[in-house]
Amino acid sequence: MATTLITGSAWDVAHGTETTDARHLAEWVNGSACHPALAAANVVTLAGADALQALAGDRLEQLGGHATQYATGAVSRLLQPLEAVAAAGGWWCSGLDPLADWAPMQWGCFKPDAPRQSRKDGQLEWKGFGDPKLQKYEHPLKVSARSFWLRVPREVAERIAARYRLEPPVAVLIDLDGGAGAFWRWWASEPRLPLVVV
């Protein structure tokens, strides 16, 4: 089934189009009603080693020694449950880290194209009638959940500013893809900008 891109939209100019599968962008834009520029600035398609690195890279470093170079028993036990999920690929979103001066966040969310069966306390979970319960999202192993502070590209920041009749600072206007965190710095200093937690 082919996915139709909306030509002439922010998808054509945002950096996400080169590294993100059109199906993943469509899920955010058409399925979740996110602005195309917001989706393109935050969603990237990962597969294979890139997906494994996002989900298990920190744990591999914690194993130390040769764990990052060789498939030891500990590495195999860590990666084996994730290999099929990583091979099939999916979308990844991680946003910016308010605790690290708005640098890219290491924690994130991976939605696999082929999810694995969910487990609870080591046991497979079932929805009922013999249907397996699937693990819809994957997160980095053994890392506490964090809130998402998405990159807010200039196009979206300008719309927010107009809604609240505010003039965005120059830093926000030159942060085209939102990767520098200029919008969030402005938000932190501007009490008229609300924060909606969803």
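Index from 1, following the sequence.
Contacts classified as side chain to side chain donor-acceptor pair (under 3.5 Å) and involving residues 102-118 (residues at least two apart or in different chains) are given here: Arg23-Asp113, His24-Asp113, Glu27-Lys111, Arg116-Glu138, Ser118-Glu125.
Nearest approach of Arg151 to Ala41, heavy atoms of both residues: CD-O, 3.2 Å. When all heavy atoms of Phe148 and Cys109 are compared, the pair lying nearest together is CZ-CB, 3.3 Å. Closest of all the heavy-atom pairs between Ala37 and Val156 is CB-CG2, 4.3 Å. Of all heavy-atom pairs between Cys93 and Leu150, the closest is SG-CD2, 3.5 Å. Scanning all heavy atoms of the two residues, the minimum distance from Phe110 to Val85 falls at CE2-CG1, 3.6 Å. Closest approach of Gly178 and Leu96 over heavy atoms only: O-CD1, 3.4 Å.
Considering only heavy atoms from C-beta on, Asp58 stays 4.5 Å or farther from Leu141 through its side chain. Under the 4.5 Å side-chain criterion, counting only non-hydrogen atoms from C-beta, Leu193 is in contact with Trp186. A heavy-atom distance below 4.5 Å is found between the side chains of Trp184 and Leu195. With contacts defined as side-chain heavy-atom distances shorter than 4.5 Å, the pair His35/Arg159 qualifies. Taking 4.5 Å as the limit, every side-chain heavy atom of Asp21 sits out of range of all side-chain heavy atoms of Trp91. Looking only at side-chain heavy atoms (C-beta outward), Trp187 and Trp149 come within less than 4.5 Å of each other. A 4.5 Å side-chain heavy-atom check between Val196 and Val198 finds at least one atom pair inside the cut-off.
Between Asp101 and Arg185 there is a salt bridge, with a side-chain nitrogen of the basic residue lying less than 4.0 Å from a carboxylate oxygen of the acidic one. Comment: Asp97 engages Arg146 in a salt bridge, judged by a side-chain N to carboxylate O separation of less than 4.0 angstrom.
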Take Val43 and Trp92 through the test side-chain contact (heavy atoms from CB on, under 4.5 Å) and record every step on the way to the result.
CA-CA 6 Å; Val43 178; Trp92 169 263; over 6 Å; no

Which is it for Arg154 and Asp177 under the salt bridge (charged side-chain N to carboxylate O under 4.0 Å, His left out) test, yes or no, and what are the steps along the way?
CA-CA 6 Å; Arg154 180 181 75 186; Asp177 68 356; over 6 Å; no

Applying side-chain contact (heavy atoms from CB on, under 4.5 Å) to Leu173 and Glu158, what does each step give before you reach the verdict?
CA-CA 8 Å; Leu173 298 175; Glu158 288 177 321; 3.5 Å; yes

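In this structure, the side chain of Asp175 does not engage the main chain of Ala171 through any donor-acceptor pair within 3.5 Å.
Rounding to the nearest 0.5 Å gives a distance of 10.0 Å between CD of Glu83 and CG of Leu78.
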